[in-house]
Novice: 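My structure is below; once you've seen it, I'll send some questions.
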Amino acid sequence: MQYVVLQVILKEKLIGTGSGNLTELEKVINTQASKGYRLHTISTVSSGSKGLMRGDRIQATMVFEKL
């Protein structure tokens, strides 16, 4: 088996809830799928706000595998 490990930083929207760049996460997953990999594991770590008027950050670490 082969593995690829990638990280994506998700930024929370300033107003409301939810991530402002989920499409980036989707793009990474679809790119790896087109190469024959499947998402094996995903873990997230949340960090607090990085200052005034900035949303929280979520670091998503993904492990993809190819059989």
Side-chain angles (χ1 to χ4, degrees):
M1 281 192 244
Q2 295 177 324
Y3 294 91
V4 173
V5 179
L6 299 172
Q7 291 182 332
V8 174
I9 304 297
L10 303 173
K11 300 170 189 155
E12 291 290 321
K13 293 179 182 177
L14 293 178
I15 300 174
T17 60
S19 176
N21 63 333
L22 278 177
T23 55
E24 182 180 344
L25 182 65
E26 182 179 16
K27 181 181 173 183
V28 169
I29 293 170
N30 285 329
T31 298
Q32 293 306 308
S34 71
K35 295 177 182 180
Y37 288 88
R38 70 178 186 139
L39 182 61
H40 178 275
T41 306
I42 185 168
S43 66
T44 59
V45 176
S46 180
S47 63
S49 177
K50 298 296 183 187
L52 184 62
M53 296 299 290
R54 292 190 184 171
D56 290 343
R57 304 280 191 259
I58 298 171
Q59 177 180 309
T61 302
M62 298 168 285
V63 178
F64 295 89
E65 72 177 355
K66 184 189 283 188
L67 300 176

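Index from 1, following the sequence.
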Novice: Look at the side-chain heavy atoms of Ile, Leu, Val, Met, Phe, Trp and Tyr, link any pair under 4.5 Å apart, and say whether Val8 and Ile42 land in one connected group.
Specialist: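 Linked, Val8 and Ile42 end up in one cluster.
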Novice: For the OG1 atom of Thr44 and the CD atom of Gln59, what is their distance to the nearest 0.5 Å?
Specialist: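 The OG1 atom of Thr44 sits 9.5 Å away from the CD atom of Gln59.
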Novice: Using 0.5 Å steps for rounding, measure from the OG1 atom of Thr31 to the CZ atom of Phe64.
Specialist: 8.5 Å
Novice: Please list, chain by chain and in numerical order, all residues satisfying salt bridge (Lys or Arg N to Asp or Glu O under 4.0 Å) with Glu26, sequence neighbours excluded.
Specialist: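 Glu26 satisfies salt bridge (Lys or Arg N to Asp or Glu O under 4.0 Å) with no residue once adjacent residues are dropped.
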Novice: Is Leu22 linked to Leu6 within one hydrophobic cluster, defined over Ile, Leu, Val, Met, Phe, Trp and Tyr using a side-chain heavy-atom separation of less than 4.5 Å?
Specialist: yes
Novice: If you round to the nearest 0.5 Å, how far is CD of Glu65 from OG1 of Thr41?
Specialist: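 The CD atom of Glu65 is 8.0 Å from OG1 of Thr41, to the nearest 0.5 Å.
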Novice: Going from CG on Leu10 to CD on Glu24, what distance comes out if it is rounded to the nearest 0.5 angstrom?
Specialist: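 The distance works out to 7.5 Å.
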Novice: Please answer whether the main-chain N or O of Lys35 pairs with a side-chain N or O of Lys66 as donor and acceptor at a distance below 3.5 Å.
Specialist: yes
Novice: Got a second to check how far Arg38's CZ is from Leu67's CG, nearest 0.5 Å?
Specialist: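 One gets 6.0 Å once the value is rounded to the nearest 0.5 Å.
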Novice: For the side-chain contact (heavy atoms from CB on, under 4.5 Å) test, which of Val4, Val5, Val28 pairs with Met62?
Specialist: Val28
Novice: Could you tell me the separation between the CG atom of Leu25 and the CG atom of Asn30, rounded to the nearest 0.5 Å?
Specialist: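 If I round to the nearest 0.5 Å, the distance is 9.5 Å.
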